[in-house]
Every structure is written in structure tokens, then in C-alpha cells.
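Only heavy atoms go into these numbers, but all of them, side chains included; no hydrogens, no water, no symmetry mates.
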Amino acid sequence: RVIYGLAGTIYYIEQTKEEWYYEKKFEGLTEHDRREIAFWLKLPLRTKEAELYLAMLEASAKYLHVPKYRIYTVEELFDLMKEKYEKIPVLSSKYPSKEVFYSVNPDFVTGWKSLSMPNNLGSVEELNENGVEVFFMKSLESNNIDDVFDDILEFGRIFDKENNAQKIVASMKNELEQIKEKLPKEKATVLPYDGGESAPFVVGGGGIGNTIIELAGGENIFKDIRGSFGNGTWEKVLMADPEIILIIDYGDNTVDKKIEYLKEKSPIKDIDAVKNEKFAVIRLGDISAGIRNVNAVKRLAKEFHNVEI
């Protein structure tokens, strides 16, 4: 790599593009989007476009098993990665019809319990009768991080990858302990704002999202809401005067639009957290039960207390 002046850390990449080429690749992405990508790739948050793009390209190619031991141009590696990605079968963007589902001869399905409704894929009994094992993650209806770990271990058992699952869980638990040791005793008060204008739609105390906030050293001012999400009140926000507003990145209502509303039109536009732009951002998928939860804790610990491991 050094002898031939090649770029890349996983692949050998012949990099001949100017910086403007990579800047153009990121047109349409917000600064938050770029920082989010850098975080997940374990790069400095201010990484330049060329380095960020090549890191994304390499990570994607590795995941899709593009062969390593040859020299690629940037375009060649992208084209190979894209070709493999487009071959991944996607039955439907939502629940497929029964006909489409059974057309691939499935033997296992997992997801929300709504998939087993009659108008979706049918009852668990019907699925079992047709040779389909059904697994519902208990962490989807829990606020206990241990249930996330148990679900990962169960997936390991189902797919005969128990050693891998145990290593993943051990690593996640170890990272949580490291974060816990570094957090200050004083918690940061947080408004976890998903959206809403007449009333704020927020993260409640009944789901894993609230647990992630707490593990990162935050205190959700709406933790008394029993569900995973629910409607709060602007009056309570004014009374609590939260230190940080955590924006949930989800759906067509973009982060920028949510922040614009809070700053310009909302009933809380004059509280210090808004005036001083104390905004943090997390994607909905990161605070939904799953393998990304501990990374979400790490991200929020950095946002809330500048704690890193």
C-alpha cells in the first residue's frame, strides 16, 4: 500500500480523485448526518469528505464480501459493492403479502408481534403449521437492557452462532461498565423530543429508549409516561427546564425542521437549552431494542457529559 501510494485501510484503493469529487458525494446530507456516519465508523467527527467516503465504501464492501486482495479504483470498488448490494433480496418495504412471503419457502421470521395479525402473515399457529419458526424479541416490550442481551444470545442459539453472540454480549456489557465508571453522579436533565407541536411527542419510561438515556447519565423529564413513547406537555417542559434536548431522528419531519420549530415557534423557545442550542440527536433505530443500543449509550454519554471510552 505504501510503496504504490494506495489509499484504504482494508482494501487497496487507487485514489486519484480531487476533494470536490467527494464533496459532491455528500451533497444533501446535513452536518449531523456526516457526524453520525463518522461516529459509527469510529472516525473523528470532523473527518474530511474524502476519508469519510472511502471509509464508508470500505466498510460496505467488507460487509458484502467484496474480495480484498487486488487493487481497485474508487469507481470499481463502488460498482462491485453496489452490484452485490442490489442482489440482496427484499420481499417488501413493509409486511409482504402471504403469497410473496411463502414464495421464498421461509423457515424463520422475527419482528414486531403485529406481523402475526391475520391481515399480515397470519397467526403464530398458522406460521408454525407452515413450517415457519417465529421469534419475538422480548426486549421490544421491555425497558431492561438485560432483555436485549438475552435476545442476542437467543439469536445466537437459533442460528448456531452461540460463541459469536456471547462475545458480542460480553463486549457490550464491558463497554457499559466502562461508561458507568466515568459518568459523574449528577445526571443531565433531558427532553427526548420526537416531534409534535400542540403537545410534544416524547420518549416515555416504558421502553429501552429511556434506559439508554439513563445509562448515558441522563434523566428523562418524561420518564413517568408508562409507554415507550407518549404525549407530554409543554408546561412540564417549562417547569423542568431541561439541560439538553434530545432530538429523535425519524420520519419525514427532519431534525433541522424540528429544531427550527423549537427555536422559532414552540412554547419553549425561550428556555436556556433552546436559546443556547443544547441539542443532541439520536436515530430512532439506535434507541429501539437491538444490537446498536450500547453504541447509542456511548454516543449520548459523549453528548451529555463529554464522556468517552
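Sorted pairs that involve residues 246-296 and meet ring-ring contact (aromatic ring centres under 6.0 Å, His included), not counting sequence neighbours, are lacking altogether. Within the structure, the ring-ring contact (aromatic ring centres under 6.0 Å, His included) test picks out the following pairs touching residues 120-162 (sequence neighbours left out): Phe108-Phe159, Phe135-Phe155. Every pair tested for ring-ring contact (aromatic ring centres under 6.0 Å, His included) that includes a residue from residues 285-309 fails, sequence neighbours excluded, so the list is empty.
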Verdict with reasoning, Phe101 to Leu115, per side-chain contact (heavy atoms from CB on, under 4.5 Å):
CA-CA 11 Å; Phe101 178 69; Leu115 71 81; over 6 Å; no

Would Ile158 and Thr110 count as a side-chain contact (heavy atoms from CB on, under 4.5 Å) if you check the C-alpha gap in whole Å, the side-chain angles of each, and the deciding distance to 0.1 Å?
CA-CA 11 Å; Ile158 291 169; Thr110 188; over 6 Å; no

Please report the C-alpha distance between Leu153 and Gln166 in whole Å, then the side-chain angles of each, then the deciding distance to 0.1 Å, and finally whether the side-chain contact (heavy atoms from CB on, under 4.5 Å) criterion is met.
CA-CA 6 Å; Leu153 294 174; Gln166 289 166 3; 3.9 Å; yes

Pair Asp33, Arg283 - check salt bridge (Lys or Arg N to Asp or Glu O under 4.0 Å), show working.
CA-CA 10 Å; Asp33 291 330; Arg283 294 187 187 278; 3.3 Å; yes

For a side-chain contact (heavy atoms from CB on, under 4.5 Å) check, start with the C-alpha distance between Glu126 and Asn130, then their side-chain angles and the critical distance, and finish with the verdict.
CA-CA 6 Å; Glu126 179 184 343; Asn130 287 303; 3.7 Å; yes

Do any side-chain atoms of residues 222-232 form donor-acceptor pairs under 3.5 angstrom with protein atoms, and if so which ones, sequence neighbours left out?
unit_1	atom_1	unit_2	atom_2	d
Lys223	NZ	Glu219	OE2	3.2
Asp224	OD1	Lys236	NZ	3.1
Asp224	OD2	Lys236	NZ	3.2

Counting only pairs under 3.5 Å, give me each side-chain donor-acceptor contact of residues 59-72, with atom names and distances, residues two or more places apart or in other chains.
unit_1	atom_1	unit_2	atom_2	d
Ser60	OG	Met56	O	2.9
Tyr72	OH	Pro67	O	2.6

Could you go through residues 204-212 and list every donor-acceptor pair under 3.5 Å that involves a side-chain atom there, pairing it with any protein atom two or more places apart or in another chain?
unit_1	atom_1	unit_2	atom_2	d
Asn210	OD1	Asn220	ND2	3.1
Asn210	ND2	Glu214	OE2	3.3
Thr211	OG1	Asn143	O	2.4

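Listed by chain and number, the residues in a side chain to side chain donor-acceptor pair (under 3.5 Å) with Asn120 amount to none (sequence neighbours excluded). Judged as a salt bridge (charged side-chain N to carboxylate O under 4.0 Å, His left out), and not counting sequence neighbours, Glu19 has no contacts. Residues forming a side-chain contact (heavy atoms from CB on, under 4.5 Å) with Glu58 (at least two apart in sequence, or on another chain): Thr9, Ile10, Tyr11, Ile13. Not counting sequence neighbours, Asp79 has no partner by the salt bridge (charged side-chain N to carboxylate O under 4.0 Å, His left out) test.
Remark: side-chain polar atoms of Asn276 are not paired, donor with acceptor, to backbone N or O of Lys278 under 3.5 angstrom. No side-chain donor-acceptor contact under 3.5 Å links Asp249 to the backbone of Thr254. A donor-acceptor contact shorter than 3.5 Å links the side chain of Lys258 to the backbone of Asp194. Judged by distance alone, the side chain of Ser103 and the main-chain N or O of Val100 form a donor-acceptor pair under 3.5 Å. Within the 3.5 Å criterion, the main-chain N or O of Val148 finds no donor-acceptor partner in the side chain of Asp151.
Ring geometry, Phe26 versus Tyr53: the interplanar angle exceeds 60°, so the pair is classed perpendicular (tilted spans 30 to 60°).
In terms of heavy atoms, Leu52 sits closest to Arg34 at CD2-O, 3.9 Å. Between Gln15 and Ala7, the shortest heavy-atom contact is CB-CB, 3.8 Å. Taking all atoms of both residues into account, the shortest heavy-atom contact from Val294 to Glu175 is CG1-OE1, 3.6 Å. Listed here is the closest heavy atom pair of Pro106 and Val132: O-CG2, 3.5 Å.
Hydrophobic clustering (ILVMFWY, side-chain heavy atoms < 4.5 Å, transitive): Leu91 and Tyr85 are in distinct clusters. Residues Ile168 and Ile309 share a hydrophobic cluster, clusters being chains of Ile/Leu/Val/Met/Phe/Trp/Tyr side chains in contact below 4.5 Å. With hydrophobic clusters built from ILVMFWY side chains whose heavy atoms lie under 4.5 angstrom apart, Ile221 does not share a cluster with Leu246. Under the 4.5 Å side-chain heavy-atom criterion for grouping Ile, Leu, Val, Met, Phe, Trp and Tyr, Ile282 is not connected to Val255 through any hydrophobic cluster. Cluster annotation: Ile244 is not connected to Phe39 through the hydrophobic network of ILVMFWY side chains, with a link wherever side-chain heavy atoms come within less than 4.5 Å.
Rounded to the nearest 0.5 angstrom, Ile271 CD1 and Ser266 OG are separated by 7.5 Å. For the atom pair CD1 of Ile291 and CE of Met172, the computed distance is 6.0 Å after rounding to the nearest 0.5 Å. Atom CD1 of Ile287 is separated from atom CG of Leu300 by 8.0 Å, given to the nearest 0.5 angstrom. The CD atom of Glu264 lies 10.5 Å from the CG atom of Leu262; values are rounded to the nearest 0.5 Å. Atom CD of Glu49 sits about 5.0 Å away from atom CD of Glu23, to the nearest 0.5 Å. To the nearest 0.5 Å, the span separating CG on Asn306 from NZ on Lys182 amounts to 10.5 Å.
Shown here is Tyr12, whose OH atom has no more than 12 heavy atoms of other residues, nucleotides or ligands within 6.0 Å. Within 6.0 Å of the NZ atom in Lys113, the count of heavy atoms belonging to other residues, nucleotides or ligands does not exceed 12. The environment of Lys180 atom NZ is sparse: at most 12 non-hydrogen atoms of other residues, nucleotides or ligands sit within 6.0 angstrom.
Proximity of Leu176 to Ile145: side-chain heavy atoms (C-beta onward) are separated by under 4.5 Å at one or more points. Residues Ile268 and Ile245 form a side-chain contact, since some pair of their non-hydrogen atoms from C-beta on lies under 4.5 Å apart. Inter-residue side-chain proximity for Pro242 and Val237 is flagged as met; some heavy-atom pair is nearer than 4.5 Å. Side chains of Arg35 and Arg46 form a contact here, defined as non-hydrogen atoms less than 4.5 Å apart.
Note on Lys17 versus Glu75: salt bridge recorded, some NZ/NE/NH1/NH2 to OD/OE distance being below 4.0 Å. The residues Lys298 and Asp286 are annotated as not salt-bridged, no charged nitrogen and carboxylate oxygen being separated by less than 4.0 angstrom. Under a 4.0 Å N-O distance rule, the pair Glu197/Lys265 does not qualify as a salt bridge. Look at Arg157 and Glu154 and you find a salt bridge, because one of the NZ, NE, NH1 or NH2 atoms lies within 4.0 Å of a carboxylate O, short of that distance. For the pair Lys87 and Glu83, the salt-bridge criterion is met [side-chain N within less than 4.0 Å of a carboxylate O].
Cluster partners of Val90 are absent, since no Ile, Leu, Val, Met, Phe, Trp or Tyr has side-chain heavy atoms less than 4.5 Å from it. Other members of a hydrophobic cluster containing Met239 are absent, since no ILVMFWY side chain comes under 4.5 Å of it, directly or through relayed contacts.
Donor-acceptor pairing under 3.5 Å is lacking for the side chains of Glu14 and Thr73.
Figure legend: cation-pi geometry between Lys25 and Phe78, with NZ or CZ positioned under 6.0 Å from the six-membered ring centre and within 45° of its axis.
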